[in-house]
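Worksheet: one structure, shown below.
Both counts, for ligands and for their atoms, begin at 1 and track the order of listing.
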Amino acid sequence: MSRTLHLPEQFIHLPRYPLLYPNPSPIHPLQTLTTQLNPSNTSKISLYTKREDHSSPLACAGNKYRKLEYIVPDILSSKPPITTLVTEGAVQSNHTVQVAAVARKLGLKALVLLGKNTGGGLAAASDQEAFLRTGNVQVAKLLGAHVRLLDAADVARLTAKSDEYDTPHILMDELRKEGSVPYWIPSGASLHPLGGVGYARCAVEISMQEEELQLPGSGRFDYVFVACGSGSTVGGLIAGFKLVEKFEKAQQGCEMRPRQVIGIPISPTKPLEWHQTRVLDFARKAAGLIGLDSTRDVTMDDVRLDDRFAGSRYGVLDTETKQTLEMMARTEGVVLDPVYTAKVLRGMVHYVQHGELDSDPAQHVNALFIHTGGQAALAAYADID
Ligand SMILES: *Cc1c(COP(=O)(O)O)cnc(C)c1O
């Protein structure tokens with residue numbers, strides 16, 4: 001049976017500027033890891049990864065390009081014409097590099113604000129000088145971005161008159177006075193009204209790939225593990241799978257078990273409820289844009305976040321996360337990033353090792369780990385060997 005999806009008109013007609021390769025980002029099995037975690041090969045679990053780090057030809061491919069595909073048309077249609085993209089992140093932010101690359105591709109300038117006190121990466125670095133100029137900082141500069149490193153006092157001054165999109169109005173006014181026309185992209189692009197749509201599209205893409213892969217058992221990815229940082233990646237996926245499952249239900253006349261998207265928060269700073277509320281909000285916003293009923297079709301029951309793997313701080317590589325990063329490199333030959341994906345894989349491995357997937361009533365379980373990129377930060381985490 002074909003699972004060709006007929007997307008709602010509303011979704012098809014949302015303007016999208018291609019930043020990704022035209023083909024879906026690859027999904028491949030994690031055969032060696034699966035065997036390593038279950039040497040007797042008695043497990044009913046199959047592990048896979050979707051390589052969002054191979055999704056785009058642009059610098060340091062990662063999940064932000066997919067989100068930016070839906071934001072670029074808004075940038076290009078703004079009046080007066082935008083001259084400068086402005087965004088923010090932690091010192092080793094992947095998001096800001098992806099915004100900088102998009103700016104260059106569009107012939108625009110990029111101003112990148114990096115908060116030295118955002119997360120604990122800088123404070124924990126054994127060589128702070130190096131942390132401030134290697135990895136993603138180096139790449140952002142190579143791309144010609146104007147990089148401003150901010151301490152707490154700078155952040156307080158520039159963000160004093162902020163709004164629901166975290167817009168630093170004081171800075172934006174300063175830029176306008178200098179003759180620029182700035183466009184603000186919030187941290188991780190999540191608070192942007194279009195921030196979740198890219199990952200809703202990704203969920204549809206995954207559902208098409210499920211069919212090509214001829215997965216065992218349910219024929220779908222029963223579990224999808226993904227990082228929850230600013231939150232619209234997991235929020236968008238939740239909305240997109242809701243859409244897919246609505247179509248599957250209509251085609252098959254019966255409801256199958258929903259795929260479980262498990263978001264792994266990578267910072268312990270905010271309580272779980274804070275993340276849940278935000279992710280629900282992003283999922284609902286995306287749902288409304290792709291042709292679902294935002295409040296009826298997406299509820300808090302769809303938001304599954306597991307904060308056991310957040311570690312000590314955002315941007316800090318705790319022992320378990322470091323071991324996971326090393327294990328993945330040495331089993332699969334696949335390199336993770338120290339801030340997001342290593343924590344997510346640690347979570348998935350925990351589910352496998354502690355029977356949390358085995359206890360699923362299904363006879364076979366397919367689990368997908370979304371590799372969202374970020375390896376450029378490794379250079380700044382030089383103590384990993
Ligand atoms: C930004 C980022 C994430 C988190 O995505 P959000 O949408 O902010 O939750 C995960 N992995 C990497 C490598 C990232 O750069």
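Taking all heavy atoms of L336, I370, V279, T372 into account, the minimum distance to atom 11 (N) of ligand 1 is reached by T372.
For atom 13 (C) of ligand 1, the closest non-hydrogen atom on the protein side is G373 O, 3.2 Å. Looking from atom 1 (C) of ligand 1 to the surrounding protein, the closest heavy atom is K64 NZ, 1.5 Å. At the top of the distance list for atom 8 (O) of ligand 1, counting protein heavy atoms only, stands S230 OG, 2.5 Å.
Note on ligand 1: N63 sits in its first shell, one or more heavy atoms being nearer than 4.0 Å. The shortest separation from a heavy atom of G229 to ligand 1 is under 4.0 Å, placing the residue in contact. Between G62 and ligand 1 there is no heavy-atom distance shorter than 4.0 Å.
Distances below 4.0 Å separate heavy atoms of G231 from the following atoms of ligand 1: 6 (P), 7 (O), 8 (O), 9 (O). Close approach to K67 involves these atoms of ligand 1, each under 4.0 Å from a residue heavy atom: 6 (P), 7 (O), 8 (O).
The side-chain contact (heavy atoms from CB on, under 4.5 Å) with V234 is formed by just one residue from the set C228, P265, S190; it is C228.
Both tests hold for R66 against Y199: distance to the six-membered ring centre under 6.0 Å, angle to the ring axis within 45°.
No side-chain donor-acceptor contact under 3.5 Å links N63 and Y340. For the 3.5 Å distance criterion, the side chains of E52 and S25 qualify, holding a donor opposite an acceptor. In this model, a donor atom of one side chain and an acceptor atom of the other lie less than 3.5 Å apart for K50 and Q209. If you check the side chains of Y351 and D306, you find a donor sitting under 3.5 Å from an acceptor.
Considering backbone and side-chain N/O of Q98, none are found under 3.5 Å from N/O of ligand 1. Between N94 and ligand 1, at least one N/O pair is under 3.5 Å apart.
Inter-residue side-chain proximity for V334 and T49 is flagged as unmet; no heavy-atom pair is nearer than 4.5 Å.
Only the backbone of C228 comes within 4.0 Å of ligand 1, counting heavy atoms alone; no side-chain atom from C-beta on gets that close.
Remark: D173 engages R176 in a salt bridge, criterion side-chain N to carboxylate O under 4.0 Å.
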